[in-house]
Amino acid sequence: MPELPEVDTYRSYLAHNVLHKTIIGVEADFENYGRIFEASKLEFSSLEGESFEKALRYGKYCLLELSGERVLVLHFGMSGDVKYYKKGDPDPEHSAMVFSFQEGHKLAVISVRKFGKVILAESRQEFIETKGLGPDALSLDKEGFIEIMVAKRGRIKSALMDQTTISGIGNMYSDEILYHAGIKPDKKVNDFGKKDLETVYEKMISVLKTAIENGADSEKMPENYLIRRREAGAICGICGGKIKNIKIAGRSAYFCSKHQK
DNA sequence: AGTACCACCTGACGGC
DNA sequence: TGCCGTCAGGTGGTAC
């Protein structure tokens with residue numbers, strides 16, 4: 001379920017499969033999935049004859065740049081997926097949108113819980129500005145990160161998850177980052193020193209990169225990652241302490257009660 | 001500017 | 001086997 005690393009695996013899947021292929025059909029199931037579309041049936045149909053030329057990622061969004069000026073933007077909500085398959089094979093379950101390519105394959109945009117979005121934007125920049133997204137977590141340098149965070153109040157976990165502050169981090173990876181940084185998720189950002197922020201930044205980058213390298217597959221992540229044992233009462237893989245679960249801003253936060261302070 | 005809560009949906013899982 | 005409550009890694013809106 002897609003935070004930045006998962007979306008990056010979708011991006012690379014799309015880059016590998018659907019670029020430079022002429023779109024000859026666009027079917028959007030407005031009857032069942034109307035709420036996820038931010039464009040009309042007619043506007044989607046206007047993609048016929050174009051092709052996807054570039055697959056990019058910004059935060060938790062996947063951007064497919066078209067041969068014309070526009071960009072098709074996918075957001076996966078909590079249950080989205082994409083699948084490339086042979087023409088003639090059945091459409092995957094929960095397909096909200098299906099693109100047909102001239103060369104004989106199809107691309108399905110899948111949405112089980114109907115939480116995602118399919119957006120047709122004028123440009124990458126227009127999209128980012130319209131959504132008010134903060135800088136992508138992986139494009140930030142240390143100075144930029146610190147500058148943004150010193151302006152924040154509230155709790156570190158919430159700050160990391162705020163997409164208008166930094167784009168790409170969700171519930172699970174915010175926990176993972178703070179777990180490696182040794183900082184409790186409910187600690188207030190304004191109590192942080194520069195050193196703490198540097199640590200959070202370094203762990204943010206290393207956790208996200210490690211996750212991408214492992215295809216965002218929790219089973220393949222290093223043994224000492226929280227994701228391998230994300231349940232209350234589990235034993236911490238770093239210090240042997242006990243993993244606890246609390247609610248922060250309505251979200252379920254997991255942390256080690258011993259080494260996170 | 002934060003936070004707390006509700007809403008949107010479906011599926012998986014545990015308890016009975 | 002089935003029914004029921006609860007929970008899930010997403011965002012967006014409200015009211016305080």
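Worth saying up front: this structure is predicted, and the values here are computed from it rather than measured.
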*Asks:* May I ask you to check whether over 12 heavy atoms, not counting those of A:E219, lie within 6.0 Å of atom CD?
*Replies:* no

*Asks:* Can you tell me if A:S123 and A:E126 form a side-chain donor-acceptor pair at under 3.5 Å?
*Replies:* no

*Asks:* Could you tell me how far apart A:L133 (CG) and C:dT11 (P) are, to the nearest whole angstrom?
*Replies:* 9 Å

*Asks:* Does anything in residues 114-129 of chain A come within less than 4.0 Å of DNA chain B? Heavy atoms only, and list the residues if so.
*Replies:* A:K114, A:F115

*Asks:* Mind checking the P distance from C:dT6 to B:dC6? Whole angstroms is fine.
*Replies:* 13 Å

*Asks:* Considering only NZ, NE, NH1 and NH2 on the basic side and carboxylate oxygens on the acidic side, decide whether A:E223 and A:R229 come within less than 4.0 Å.
*Replies:* yes

*Asks:* Does A:E3 make a side-chain donor-acceptor contact with the base of C:dG10, cut-off 3.5 Å?
*Replies:* no

*Asks:* Taking the six-membered ring for Trp, are A:Y58 and A:F127 closer than 6.0 Å centroid to centroid?
*Replies:* no

*Asks:* Say we look at C:dC3 and B:dC9: how far apart would their P atoms be, to the nearest angstrom?
*Replies:* 24 Å

*Asks:* State which of C:dG9, C:dT11, C:dA8 makes the closest approach to the side chain of A:M172.
*Replies:* C:dG9

*Asks:* Could you check how far CZ of A:R229 sits from C1' of C:dG9, rounded to whole Å?
*Replies:* 19 Å

*Asks:* Whole angstroms only, please: what is the CZ-P distance between A:R35 and C:dG10?
*Replies:* 16 Å

*Asks:* What is the distance, rounded to the nearest whole Å, between atom OH of A:Y61 and atom P of C:dG10?
*Replies:* 12 Å

*Asks:* Pairs in or reaching into residues 183-202 of chain A: which pass side-chain hydrogen bond (donor to acceptor under 3.5 Å, both in side chains), with residues at least two apart or in two chains?
*Replies:* A:K142-A:E202

*Asks:* Quick check for you: name the first and last nucleotides of DNA chain B, 5' to 3', having an atom under 4.0 Å from a heavy atom of chain A.
*Replies:* B:dG2 to B:dG11

*Asks:* Tell me yes or no: between the side chains of A:K244 and A:S257, is some donor less than 3.5 Å from an acceptor?
*Replies:* no

*Asks:* Nearest whole Å is fine: how far is C:dG10 C1' from A:Y173 OH?
*Replies:* 15 Å

*Asks:* Which residues in residues 250-261 of chain A have at least one heavy atom lying under 4.0 Å from any atom of DNA chain C?
*Replies:* A:R251, A:S252

*Asks:* Run A:D136 and A:R57 through salt bridge (Lys or Arg N to Asp or Glu O under 4.0 Å) and show every step you take.
*Replies:* CA-CA 9 Å; A:D136 181 82; A:R57 183 194 55 68; 2.7 Å; yes

*Asks:* Atom CG of A:D175 and atom P of C:dA8: how far apart are they, to the nearest Å?
*Replies:* 11 Å

*Asks:* Please tell me whether A:N245 and A:S252 have a donor and an acceptor in their side chains that are separated by less than 3.5 angstrom.
*Replies:* yes

*Asks:* Nearest whole angstrom, please: distance from the P of C:dA8 to the CD1 of A:I227.
*Replies:* 15 Å

*Asks:* I'd like to know whether CD of A:E48 has more than 12 heavy-atom contacts from other residues, nucleotides or ligands below 6.0 angstrom.
*Replies:* yes

*Asks:* Once you round to the nearest 0.5 Å, how far does CD of A:Q260 lie from CG of A:L178?
*Replies:* 6.5 Å

*Asks:* Classify the nucleic acid contact of A:K188 as base, sugar-phosphate or nothing, counting any heavy atom under 4.0 Å across all strands shown.
*Replies:* nothing

*Asks:* Residues two or more places apart in sequence or in another chain: which of them pass ring pair (Phe, Tyr, Trp, His ring centres under 6.0 Å) with A:Y10?
*Replies:* A:F76

*Asks:* Salt-bridged, A:E43 to A:R70, with N to O below 4.0 Å?
*Replies:* no

*Asks:* Distance to the ring centre below 6.0 angstrom and angle to the axis at most 45 degrees; does that hold for A:K114 and A:Y33?
*Replies:* yes

*Asks:* Let me know the distance between CG of A:D81 and C1' of C:dG10, rounded to the nearest Å.
*Replies:* 15 Å

*Asks:* Give a yes or no on whether the ring-centroid distance for A:F115 and A:H75 is below 6.0 angstrom.
*Replies:* no

*Asks:* When Watson-Crick pairs (N1 to N3 and N6-O4 or O6-N4) and G-U wobble pairs (N1-O2 and O6-N3) count only below 3.5 Å on both distances, what is the dot-bracket string of DNA chain C, with | for other-strand pairs?
*Replies:* .|||||||.|||||||

*Asks:* Using a heavy-atom cut-off of 4.0 Å across all strands, would you classify A:Q163 as base, sugar-phosphate, or nothing?
*Replies:* sugar-phosphate

